[in-house]
Amino acid sequence: MMLVLFSACGKKSEYLSISYTTYNDENGPENGMQIAFIKYDIEQKKFTKIIDTSYSSQYPLGIISMKDKKVYYTAESGKKAGK
């Protein structure tokens, strides 16, 4: 799990960017894995799921940027990004 604290410019709302991995079939990596990205709003004490995407890198790392309205994550070179 990776936790990163962000503070959006022009806004008072701070949040944590949380990412974790899951198996597609809940049994093992043979049928693929996903990275889930969640935002935790510190002030509202609320979790919001942002996106799930498949991954191909050895270390599935990433962060949410609410300012840029994007999710940045690692992927194998030459692979297309997830949805």
Side-chain angles (χ1 to χ4, degrees):
M1 180 184 303
M2 175 173 32
L3 300 175
V4 180
L5 178 64
F6 288 96
S7 180
C9 293
K11 295 183 180 179
K12 301 287 182 184
S13 181
E14 291 184 336
Y15 62 96
L16 293 174
S17 174
I18 302 169
S19 62
Y20 65 91
T21 57
T22 60
Y23 298 130
N24 287 344
D25 64 5
E26 299 181 10
N27 294 319
E30 296 79 19
N31 293 318
M33 296 176 71
Q34 299 278 316
I35 308 172
F37 292 93
I38 296 174
K39 178 184 90 168
Y40 178 71
D41 187 300
I42 295 170
E43 184 177 312
Q44 295 180 8
K45 298 180 181 176
K46 179 181 173 185
F47 289 96
T48 304
K49 190 168 199 171
I50 303 299
I51 191 171
D52 287 328
T53 188
S54 60
Y55 82 85
S56 60
S57 64
Q58 183 174 359
Y59 301 103
L61 305 172
I63 60 168
I64 301 164
S65 172
M66 300 308 292
K67 176 184 173 191
D68 297 335
K69 297 182 181 176
K70 293 183 180 182
V71 175
Y72 299 95
Y73 62 96
T74 58
E76 183 180 336
S77 178
K79 295 276 185 175
K80 290 185 178 181
K83 295 179 182 178

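When reading the values below, keep in mind they use all heavy atoms of this one structure, side chains included, and skip hydrogens, waters and symmetry mates. Treat the numbers as computed from the prediction; the structure is a model and nothing was measured.
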Identify the two heavy atoms, one from [X] and one from [Y], that lie closest to each other, and give their separation to 0.1 Å.
| X | Y | value |
| --- | --- | --- |
| Tyr55 | Thr21 | CE2-CG2, 3.8 Å |
| Tyr15 | Met66 | OH-N, 2.9 Å |
| Ser17 | Gly62 | OG-O, 4.5 Å |
| Tyr20 | Lys49 | OH-NZ, 4.2 Å |

Looking at [Y], is its backbone amide N or carbonyl O close enough to the side chain of [X] to form a donor-acceptor pair, meaning the two atoms are under 3.5 Å apart?
| X | Y | value |
| --- | --- | --- |
| Asn24 | Asn31 | yes |
| Tyr73 | Thr53 | no |
| Thr74 | Tyr59 | yes |

- Query: If we ignore angles and hydrogens, is there a donor and acceptor under 3.5 Å between the side chains of Thr48 and Asp41?
  - Reply: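 Asp41 and Thr48 do not have a side-chain donor-acceptor pair below 3.5 Å.
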- Mind checking the NZ-OG spacing from Lys70 to Ser65? Nearest 0.5 Å is all I need.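 Between Lys70 NZ and Ser65 OG, I get 8.5 Å after rounding to 0.5 Å.
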- Item | Ile50 and its side chain to side chain contact (heavy atoms under 4.5 Å, CB included) partner, picked from Ile38, Ile18, Ile64 |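 Checked Ile38, Ile18, Ile64 against Ile50; only one passes side chain to side chain contact (heavy atoms under 4.5 Å, CB included): Ile64.
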- Message: Applying ring pair (Phe, Tyr, Trp, His ring centres under 6.0 Å), can you list everything that pairs with Phe47, at least two apart in sequence or on another chain?
- Response: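 Partners of Phe47 under the ring pair (Phe, Tyr, Trp, His ring centres under 6.0 Å) test: Tyr40.
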- Message: Please enumerate all residues that pass side-chain hydrogen bond (donor to acceptor under 3.5 Å, both in side chains) together with Tyr72, with sequence neighbours excluded.
- Response: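 Only Asp68 meet the side-chain hydrogen bond (donor to acceptor under 3.5 Å, both in side chains) criterion with Tyr72.
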- With Asn27, which residues qualify under side-chain hydrogen bond (donor to acceptor under 3.5 Å, both in side chains), at least two apart?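 With neighbours one apart ignored, the set is empty.
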